[in-house]
K.L.:
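Sharing a structure, written as structure tokens. Questions coming.
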Amino acid sequence: MSTVNTTTRLLEAARYIWEGYHTHPFVRGIADGSLAAEKFRFYLLQDYLYLFDYARVFAMGVVKAREPDVMRAFARYVHQILDGEMDIHRSYMERLGISREQAEHAQLSLDNLSYTAYMRAVAQEEGVAEIAVAILSCAISYEHIAQRIVRDDPAAVSHPFYGEWVSGYASEQYAAENRALSMLVDRLTEGYSEAQLARLEEIFVNCSRYEALFWDMAWEMRM
């Protein structure tokens, strides 16, 4: 049995992938404000659609959880996504002249479809710890990206267009939600065998790779 908590182990396993996020041209374009608006618009629509499946994966945690407090934790995240994180997207959609109906009927890109199908397969076939881990990469990577942007360029939070995105994901509120999710993962995996932990690593690394593909997709506006 490992003496390192599960979240730390997962983050270490995917570090080589995560380092690439910070140098990705899409992320750098948000950081310095040079990202073309049409690329961000494409990303925004795809991420908005992604969040619905993201919420569905959390909802499967509610269905499969056996302990009431774990059910409540997953249910709270569903609410935070649908009525919290999506607010950032809706604010940008309003500024870009995109109606909610347009966004909800946009076409999923192939990369987005593959990523969400993978997460939903984990949620359908595996347990609550695996569900939480499938979600963890997206949640924490956005925090890491935004906080690195703020660290390297504090003025990014004041950018008239991209500042809202940076400040939202770099906020203490968002970080607190991620700490709670990490603690849930660590709790759910107490006593896990090496084989079980290796499976969690596989899920987390796969989702981290999908995150990298998501940035590529957004940069290339690839359907």
K.L.:
Under a 3.5 Å cutoff, is there a donor and acceptor pairing between the side chains of Ser34 and Asp32?
P.N.:
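Judged by distance alone, the side chains do pair up.
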
K.L.:
So Phe74 and Val128, do their side chains get closer than 4.5 Å, heavy atoms only?
P.N.:
yes

K.L.:
Considering only NZ, NE, NH1 and NH2 on the basic side and carboxylate oxygens on the acidic side, decide whether Asp53 and Arg56 come within less than 4.0 Å.
P.N.:
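Here Asp53 pairs with Arg56 in a salt bridge, since their nearest N and O are under 4.0 Å apart.
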
K.L.:
Under the side-chain contact (heavy atoms from CB on, under 4.5 Å) test, which residues partner Lys39, sequence neighbours left out?
P.N.:
Phe26, Leu35, Ala36, Trp219, Met221

K.L.:
Whether Arg199 and Glu130 form a salt bridge (side-chain N of Lys/Arg under 4.0 Å from carboxylate O of Asp/Glu) is what I want to check.
P.N.:
no

K.L.:
Look only at the side chain of Ser114 and the backbone of Leu110, and say whether a donor-acceptor pair between them is shorter than 3.5 Å.
P.N.:
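Side chain of Ser114 to backbone of Leu110, a donor-acceptor pair under 3.5 Å: no, none is there.
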
K.L.:
To check you understand the geometry: which heavy-atom pair defines the closest contact between Met217 and Asp111, and what is its length?
P.N.:
CB-OD2, 3.6 Å

K.L.:
Taking atom types as modelled and ignoring hydrogens, do the side chains of Tyr169 and Gln147 form a donor-acceptor contact shorter than 3.5 angstrom?
P.N.:
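No donor-acceptor contact under 3.5 Å links the two side chains.
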
K.L.:
Under 4.0 Å between a side-chain nitrogen and a carboxylate oxygen: does that hold for Arg41 and Glu38?
P.N.:
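Between Glu38 and Arg41 there is no salt bridge, as every charged N stays at least 4.0 Å from the carboxylate O atoms.
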
K.L.:
Do the side chains of Arg222 and Ser109 get nearer than 4.5 Å, heavy atoms only?
P.N.:
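They are not in contact (no side-chain heavy atoms under 4.5 Å apart), so the answer is no.
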
K.L.:
Picking from Tyr142, Tyr92, Tyr43, what satisfies side chain to side chain donor-acceptor pair (under 3.5 Å) with Trp165?
P.N.:
Tyr43

K.L.:
Would you confirm whether Tyr21, through its side chain, and Ser208, through its main-chain N or O, come within 3.5 Å as a donor-acceptor pair?
P.N.:
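Flag set: sc Tyr21 to bb Ser208 pair under 3.5 Å.
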
K.L.:
Any salt bridge between Glu12 and Arg9, counting N to O under 4.0 Å?
P.N.:
no

K.L.:
Side chains of Asn178 and His144, heavy atoms from C-beta outward: is any pair under 4.5 Å?
P.N.:
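Contact flag for Asn178/His144 side chains = no.
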
K.L.:
Which pair of heavy atoms, one from Ser193 and one from Gln196, lies closest together, and at what distance?
P.N.:
N-OE1, 2.8 Å

K.L.:
Okay, side chain of Tyr77, backbone of Glu177: is any donor-acceptor separation there less than 3.5 Å?
P.N.:
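Indeed, once roles are kept as given, a pair shorter than 3.5 Å links the two residues.
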
